[in-house]
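Report on the structure given below.
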Amino acid sequence: MMRIHKSIWFVLFLSLWELLARSGRFSPLVFPPLAAVFKALFHALASGELLQETGFSILLILEGLLVGAVLALLLGMASSLSPLLRSFTEALAALAHPLPGIALLPVIILWLGTGRASILFIIIHSVLWPMLLNVMTGFRAVPKVLAETGRNFGVRGARLFLEVYVPASLPYLLAGLRIAWARAWRALISAEMIFGAVGGKGGLGWYIFKQRVFMDTAGMFSALIVIILIGILVEEVIFERVEAATIRKWGMTDQ
Amino acid sequence: MSEKLRVSGINKYYYKNGERFKVLDSISFTAGSGEVLCLLGPSGCGKSTLLRLICGLDEPEDGLVRLDGKAVSCPSPAAVMIFQEFGQLFPWRTVLDNVIYPMRVNGIGRSEAERKQTAETWLVRVGLEGFFHVFPHTLSGGMKQKAALARALALEPSLLLMDEPFGSLDALTREGLQRLLLQIREETGSTILFVTHDIQEALTLGDRILVMGKEPGRILKVLENSVKKTGKRSNQEKSALYDVIHNLLGTV
């Protein structure tokens with residue numbers, strides 16, 4: 001039922017857009033008709049340019065997500081080993097977590113320049129801290145009886161973390177990954193726009209920025225559509241499927 | 001009956017706001033091989049704490065736990081604990097895999113196929129045929145405890161520690177599981193330490209009953225359970241022993 005309602009709204013939004021565009025009140029340079037947007041989308045996809053830029057962005061964010069998530073897991077494990085490490089990690093997270101990646105841009109440009117490494121740094125920053133907080137909360141929420149059962153069976157060290165703590169805190173880890181993805185995706189697009197302008201290369205953000213420079217408004221919107229579609233794909237399809245195949249299947253969602 | 005477990009001179013404290021409370025006071029007892037020993041006492045008498053010390057999950061301030069002559073210092077599958085909580089099965093593993101996993105960790109069985117066969121045999125023995133490939137959250141409480149029992153038995157532990165494992169079950173299911181446990185003990189000759197606060201349960205299961213008192217937790221008396229040994233004797237004898245225990249606990 002919800003799905004039907006949602007798609008009706010989508011159609012209404014698009015119709016309203018088309019009506020406004022055709023009313024003649026706005027220049028197509030400011031407010032392009034849908035046909036122009038989809039034509040631009042089709043051409044950009046067909047020429048391979050938009051796909052290349054999308055691929056560049058996706059690869060970057062996957063890399064950042066992977067590094068950030070692994071770092072968060074390692075820091076989370078370390079912090080559950082001793083109170084000293086825990087307070088260290090908590091202090092670090094308290095300092096870094098409230099900082100939007102974009103606010104760090106000038107510093108990062110100063111330290112790392114404007115290349116791919118800098119964008120990666122921003123993505124890792126956006127992933128690491130929310131993920132770390134969820135890892136730490138998740139580990140603390142692992143039922144005592146499961147941890148003790150594991151220890152009783154002789155599961156120790158890294159194995160205890162990977163085979164008991166990680167699956168037992170998976171609802172928290174997946175929630176953390178969702179937040180991390182959302183933040184990283186936003187940070188990535190913004191960073192690409194700025195770095196692209198400075199002379200770096202590629203990415204969806206840079207593509208949008210470039211189309212604005214050329215006054216290709218329809219092209220700008222076509223890239224926005226790609227961003228929306230990827231967002232829906234990841235959040236409503238990929239995360240949904242992963243959750244259905246894990247924590248929902250295991251009955252771990254209503255704890 | 002050779003000696004399986006020796007607990008000697010255990011003192012355990014618990015700290016709160018800088019104050020020290022004695023939880024267990026000079027606890028000493030032994031359990032023979034193949035014996036079912038029930039630890040019976042009111043809640044708060046430290047019987048679960050005692051079981052945790054024997055498992056190696058906690059450490060006592062004084063005293064020593066010896067299992068098969070070796071001092072226990074950390075948890076090991078030589079003494080497997082079955083908890084009261086239904087949540088002790090790993091929710092992300094199927095029932096069968098819950099049984100196989102600890103065997104794999106401990107290198108029990110020569111191959112994965114052999115482990116699978118052993119696990120299936122135990123699951124069938126506790127009455128869970130047809131539930132091998134489901135996840136624990138779909139099982140009832142009684143079935144979860146059966147699966148936990150199968151998982152423990154598959155490890156062939158030297159000692160089975162049971163911390164009120166049937167405490168959260170309805171009366172009928174509890175009786176069924178008590179019968180099952182006694183049958184399995186007959187077949188395997190397992191040594192079992194069974195914690196309960198239910199006098200009836202202790203009379204049903206225990207070869208001996210260790211009656212505990214609280215503040216501080218201590219052993220009041222060790223009773224031979226003549227009711228169990230002689231089978232279904234008169235209700236009179238049963239209620240006499242029941243009264244003895246009841247009076248012991250009543251004086252606490």
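Each chain gets a letter, A, B and so on, in the order the sequences are listed, and its residues count up from 1.
Atom CD of Glu19(B) has 12 or fewer neighbouring heavy atoms from other residues, nucleotides or ligands inside a 6.0 Å radius. Within a 6.0 Å sphere centred on CZ of Arg86(A), other residues, nucleotides and ligands contribute more than 12 heavy atoms. Within 6.0 Å of CD in Glu59(B) there are 12 or fewer heavy atoms belonging to other residues, nucleotides or ligands. With a 6.0 Å radius and a threshold of 12 heavy atoms from other residues, nucleotides or ligands, Phe21(B) has its CZ atom above the threshold. By the neighbour-count criterion of 12 heavy atoms within 6.0 Å, atom CD of Glu156(B) is sparsely surrounded, having that number or fewer from other residues, nucleotides or ligands. When the shell of 6.0 Å around CD of Gln117(B) is examined, it contains 12 or fewer heavy atoms from other residues, nucleotides or ligands. Residue-environment remark: CZ (Phe121(A)) stays at or below the threshold of 12 foreign heavy atoms within 6.0 Å.
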Handout entry: Evaluation steps, side-chain contact (heavy atoms from CB on, under 4.5 Å), between Leu57(B) and Arg151(A)
Key = CA-CA 8 Å; Leu57(B) 287 168; Arg151(A) 281 172 59 210; 3.9 Å; yes

Practice task
Please report the C-alpha distance between Arg159(A) and Val105(B) in whole Å, then the side-chain angles of each, then the deciding distance to 0.1 Å, and finally whether the side-chain contact (heavy atoms from CB on, under 4.5 Å) criterion is met.
Solution key: CA-CA 10 Å; Arg159(A) 199 164 184 192; Val105(B) 170; 3.8 Å; yes

Problem - Residue pair Arg52(B), Glu148(A): steps toward the salt bridge (Lys or Arg N to Asp or Glu O under 4.0 Å) verdict - result: CA-CA 10 Å; Arg52(B) 293 173 58 82; Glu148(A) 290 185 339; 2.6 Å; yes

Practice task
Show your reasoning for whether side-chain contact (heavy atoms from CB on, under 4.5 Å) applies to Glu163(A) and Tyr101(B).
Solution key: CA-CA 10 Å; Glu163(A) 294 179 2; Tyr101(B) 173 67; 2.6 Å; yes

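Contact of Phe90(B) with chain A is made through backbone and side chain together, with heavy-atom distances under 4.5 Å. Neither the backbone nor the side chain of Ile82(B) has a heavy atom closer than 4.5 Å to any heavy atom of chain A. Contacts between Ala78(B) and chain A at a heavy-atom distance below 4.5 Å are absent for every atom of the residue. Heavy-atom distances place both the backbone and the side chain of Lys249(A) under 4.5 Å from chain B.
A donor-acceptor contact shorter than 3.5 Å is absent between the side chain of Asn152(A) and the backbone of Cys55(B). Remark: side-chain polar atoms of His137(B) are not paired, donor with acceptor, to backbone N or O of Arg248(A) under 3.5 angstrom. The closest donor-acceptor contact from the side chain of Asn106(B) to the backbone of Gly154(A) lies at 3.5 Å or more, if one exists at all.
The two residues Pro91(B) and Leu146(A) have their closest heavy-atom pair at CD-CD1, 3.9 Å. In plain terms, the two heavy atoms of Pro75(B) and Arg156(A) that are nearest each other are O-NH2, 2.6 Å.
Interatomic distance, Trp92(B) CH2 to Ile247(A) CD1, rounded to the nearest 0.5 Å: 13.0 Å. Rounding to the nearest 0.5 angstrom, the gap separating the CZ atom in Phe153(A) from the CZ atom in Arg151(B) is 4.0 Å.
Highest contact tally toward chain A, considering only Pro136(B), Ser76(B), Ala148(B), is held by Ser76(B) [criterion: heavy-atom pairs under 4.5 Å].
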